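Heads up, the thing below is written out as structure tokens.
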Amino acid sequence: VQLQASGGGLVQAGGSLRLSCAASGRTFNNYRMAWFRQAPGKEREFVAAISYNGVSTYYADSVKGRFTISRDNAKNTVYLQMNSLKPEDTAVYYCAAGTVVSRNPPSHDYWGQGTQVTVSS
């Protein structure tokens, strides 16, 4: 499956952004989807994940209550709504697809190209 992430940008602290990840190539609703992020000099870290049908969602403690992951299987798209953004949320955000819900990057078979999110203080 091919993944195309979009929606990143520059926003002030306290602001919001909505990331999108459009999938093509294979049956989207067979895959569990996740968002990861990587800041300069840091390892890629888990942000959020969602089950194949959207019923179950999972979040890193650092974003719980501020970010919301969702998916629209009719549009082959997964979203990450990010509210109350903080400077420490600055990173390249990646969407990923896998056959299991996992917080571990190696468990995901397909990756998008990443979209930059920059939060100014």
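Given the structure is predicted, the values throughout are model-derived calculations rather than measurements.
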Side-chain (R71) to main-chain (S51) donor-acceptor, under 3.5 angstrom: yes
Student check: side-chain heavy atoms of Q81 and S70 closer than 4.5 Å: no
hydrophobic_cluster_shared for V63 and V119, side chain cutoff 4.5 Å: yes
Pair Y110 + Y31: ring centers closer than 6.0 Å: yes
Beyond-backbone contact of T115 with L19, side-chain heavy atoms, under 4.5 angstrom: yes
N-O pairing of D61 and K64 below 4.0 Å: yes
Residue pair L80 / F67, side-chain heavy-atom distance below 4.5 Å: yes
For S6, all residues meeting side-chain hydrogen bond (donor to acceptor under 3.5 Å, both in side chains), sequence neighbours excluded: none
Shared hydrophobic cluster, Y59 / L17 (ILVMFWY, side-chain heavy atoms < 4.5 Å): yes
Straight-line distance of R66 CZ to S84 OG, nearest 0.5 Å: 7.0 Å
Test log, rule ring-ring contact (aromatic ring centres under 6.0 Å, His included), inputs F46 and W35: CA-CA 7 Å; F46 170 78; W35 287 95; over 10 Å; no
Backbone of A5 reached by a side-chain donor or acceptor of Q113 within 3.5 Å: yes
Beyond-backbone contact of Y93 with V47, side-chain heavy atoms, under 4.5 angstrom: yes
N73 side chain vs Y52 backbone, donor-acceptor pair below 3.5 Å: yes
Flag side-chain contact, heavy atom, 4.5 Å: V117 against M82: yes
side-chain hydrogen bond (donor to acceptor under 3.5 Å, both in side chains) involving S102 - partner list, sequence neighbours excluded: S107
Interatomic distance, R18 atom CZ to T68 atom OG1 [nearest 0.5 angstrom]: 10.5 Å
Exercise: identify the closest heavy-atom pair between H108 and G98: CD2-N, 4.1 Å
Pairwise distance CD1(I50) to OG(S56) - rounded to 0.5 angstrom: 8.5 Å
Contacts of type salt bridge (Lys or Arg N to Asp or Glu O under 4.0 Å), residue E45, not counting sequence neighbours: R37
Heavy-atom pair with the smallest gap, counting every atom of V78 and I69: CG2-CG1, 4.0 Å
pair L3-M33: side-chain heavy atoms closer than 4.5 Å: yes
Gap between atom CG of N83 and atom CG of D89 - 0.5 Å precision: 11.0 Å
Check: D72/T77 side-chain N/O donor and acceptor closer than 3.5 Å: no
Heavy-atom closest pair, residues S121 and A13: CA-CB, 4.4 Å
P105 and F36, any side-chain heavy atoms less than 4.5 Å apart: yes
Shared hydrophobic cluster for Y94 and V101 (ILVMFWY, side-chain gaps under 4.5 Å): yes
